[in-house]
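Reading through the structure tokens given below for one structure.
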There are 2 protein chains.
Amino acid sequence: MSTCETCAVRNRAICSSLDGGEIQALSSMGRRRTVAAGEPLIWEDDDSLLVANVIDGVLKLTTSTEDGREQIVGVAYPSDFIGRPFGQTSRATVVALTDARVCVFARNDFDRFAREHPELEHKLLERTLAELDRTRSWMMLLGRKTAPEKIATFLLDMSDRYGDVSACTTFRAPAKLFTLPFSRQQVADLLGLTIETVSRQFTKLKQDGVIGLPSRREVEILNRPALSALAG
Amino acid sequence: MSTCETCAVRNRAICSSLDGGEIQALSSMGRRRTVAAGEPLIWEDDDSLLVANVIDGVLKLTTSTEDGREQIVGVAYPSDFIGRPFGQTSRATVVALTDARVCVFARNDFDRFAREHPELEHKLLERTLAELDRTRSWMMLLGRKTAPEKIATFLLDMSDRYGDVSACTTFRAPAKLFTLPFSRQQVADLLGLTIETVSRQFTKLKQDGVIGLPSRREVEILNRPALSALAG
DNA sequence: CGATAACTTGACGGCGGTCAAGCGGCGTGG
DNA sequence: CCACGCCGCTTGACCGCCGTCAAGTTATCG
């Protein structure tokens, strides 16, 4: 039995392509589970056994070198799809950044179901293409931007992500004040920097009056044009 | 009228999902064209009007900052699919690195056709997922690897890409000697380095006897284990 | 054979990484 | 309620990698 009807992401996740009967069939294959902050869900280079929809919370996708250097290669928010369908192994580790709820499926089951439901595959394709676009623009940041540019770009990105949709349904105003789901180290892993450089750049922006830092995880945008100019 | 039956990538491109009648319909919508080395095919932030299959040649996908810094975010080889279906704008510029032949479609036509042919969309999905995997592992390189590690990783990557399939159909032996489709500047744009750093690292590897450089575009792998060790 | 572009090499400096110490907020336990 | 300790973060000093600028060299093509 399922709670799909009342699911918070019912109309945004790839499931939105399915009608009542179909979603019943899909939900009978999956199950909900919670992932505590810091807890892994999928391991890099492991057999790809799981795929999932994110219902609530934020998770990071990372890859690591043998000597322990880490790079965050993606971030999954509610309604995002995670895992590697149609492939033997997962190429990224998935770890929850906040307490999270996900809707997990055995990859084999999901693959079979998806191939029988083209509308679902289409939604997944659109999502994957959009994710590839985002990933590629992040490559630009990693390969060619300086530390101040990286930080500014990141903050604007977060501000948009946590924007307010209340005013208007089509336009989402960027948030002035928001809470980061990342620690300083995780920001560093996202931007290809060290924690010290991240800290110094935050302090610099605060001193220059561009941002405020009410608490460790909170950021307030005080001078958006300045931040945009810095973003490169 | 079409030459799909004799197309060099007929069995590897996404078209391989289509039967005779279907491919006839698709090919009637598209046309072949050549793209000279250095010539662009798609522009960043332009309306996404074109998609294409690569028949022959190599193309680069790039994004640029306003002040002219460039990052190569992808490389398309024969049988690869390029362009942005199901989206209003293309987020990368596509430029031919070598003289190339492509099979182009108006995006609108392609989108409509794809939605009517789930097997084609499935192939496209598998390709996109694989490309996302590759792109993410490249993020690791851009964000966390040093210049020597980047160069070593790049050369091993190229060696695999140009491997010989003659010996065995399932296993592709990495190439000892191969010709780069990239100039030094393009290698720099791929790795997030400057042309000078690329040049110096090549020279260093040559001096150390790890590689040979018979000509500007050719590379010979002399000590693969050493290169693997350097790749990080 | 000359012109031009692509590449190499050298000198130098700055950005950001490394190492180390200090700070502060929060939770725990006395 | 306060003392303490821990962990995440900040700050400082230093330095090395790699970017910048400039000159020299080698391929390529008309």
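Residue numbers begin at 1 in each chain, while the letters A, B, ... track the order of the sequences.
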Review point. Partners of A:Phe202 by ring-ring contact (aromatic ring centres under 6.0 Å, His included), sequence neighbours excluded?
Key: none
Point to revise | Residue-level proximity of residues 200-222 of chain B to DNA chain D when a heavy atom falls under 4.0 Å | key: B:Arg200, B:Arg216
Review point. Can you list every pair that meets salt bridge (charged side-chain N to carboxylate O under 4.0 Å, His left out) and has a residue in residues 222-231 of chain B, with sequence neighbours left out?
Key: none
**Study point:** 4.5 Å side-chain heavy-atom contact, B:Leu191 and B:Ile151
**Key:** yes
Check your understanding: Any Lys/Arg nitrogen of A:Lys204 or A:Asp208 sitting under 4.0 Å from an Asp/Glu carboxylate oxygen of the other?
Key -> yes
Review point. Any salt bridge (charged side-chain N to carboxylate O under 4.0 Å, His left out) pairs touching residues 40-58 of chain B, not counting sequence neighbours?
Key: none
Exercise for review: Round to the nearest Å and state the distance from A:Leu180 atom CG to D:dC9 atom C1'.
Suggested key: 14 Å
Exercise for review: Return the set of residues passing ring-ring contact (aromatic ring centres under 6.0 Å, His included) with A:Phe81 (not counting sequence neighbours), or none when no residue passes.
Suggested key: A:Phe110
Check your understanding: Which residues satisfy the side chain to side chain contact (heavy atoms under 4.5 Å, CB included) test with A:Asp67, sequence neighbours excluded?
Key -> A:Thr65, A:Arg69
Review point. Within this structure, what is the CG-to-P distance between B:Leu142 and D:dC18, rounded to whole angstrom?
Key: 13 Å
**Study point:** Test side chain to side chain contact (heavy atoms under 4.5 Å, CB included) applied to B:Glu70 and B:Thr93, step by step
**Key:** CA-CA 10 Å; B:Glu70 182 168 315; B:Thr93 300; over 6 Å; no
Review point. Can you list the residues that meet the side chain to side chain contact (heavy atoms under 4.5 Å, CB included) rule with A:Glu126, with sequence neighbours excluded?
Key: A:His122, B:Phe86
**Study point:** Polar side chain donor-acceptor pair, A:Ser215 to A:Glu218, under 3.5 angstrom
**Key:** yes
Study note, to complete from the structure: The side chain to side chain contact (heavy atoms under 4.5 Å, CB included) partners of A:Val75 (sequence neighbours excluded) come to A:Val58, A:Ile72, A:Tyr77, A:Phe182, A:Leu190
Study note, to complete from the structure: Bounded by its outermost nucleotides with an atom under 4.0 Å from a heavy atom of chain A, the footprint on DNA chain C reads C:dG16 to C:dG24
Exercise for review: Work out how much the helix from C:dC1-D:dG30 to C:dG30-D:dC1 bends between its end axes, five pairs an end, to the nearest 10 degrees.
Suggested key: 40°
Review point. How about B:Leu230 and B:Glu149: do any of their side-chain heavy atoms sit closer than 4.5 Å?
Key: no
Point to revise | Gap between atoms CD and C1', on A:Gln185 and D:dG8 respectively (whole Å) | key: 10 Å
**Study point:** Separation of D:dC18 P from B:Glu196 CD (nearest whole Å)
**Key:** 14 Å
Exercise for review: In whole angstrom, give the distance that lies between atom CZ of B:Arg184 and atom P of D:dG19.
Suggested key: 16 Å
Check your understanding: Of all of residues 146-154 of chain B, which get a heavy atom below 4.0 angstrom from DNA chain D, listed by number?
Key -> B:Thr146, B:Ala147, B:Pro148
Practice item. Would you please name every residue forming a side chain to side chain contact (heavy atoms under 4.5 Å, CB included) with B:Arg33, sequence neighbours left out? Key: B:Arg31, B:Val35, B:Glu39, B:Leu41, B:Val102, B:Val104
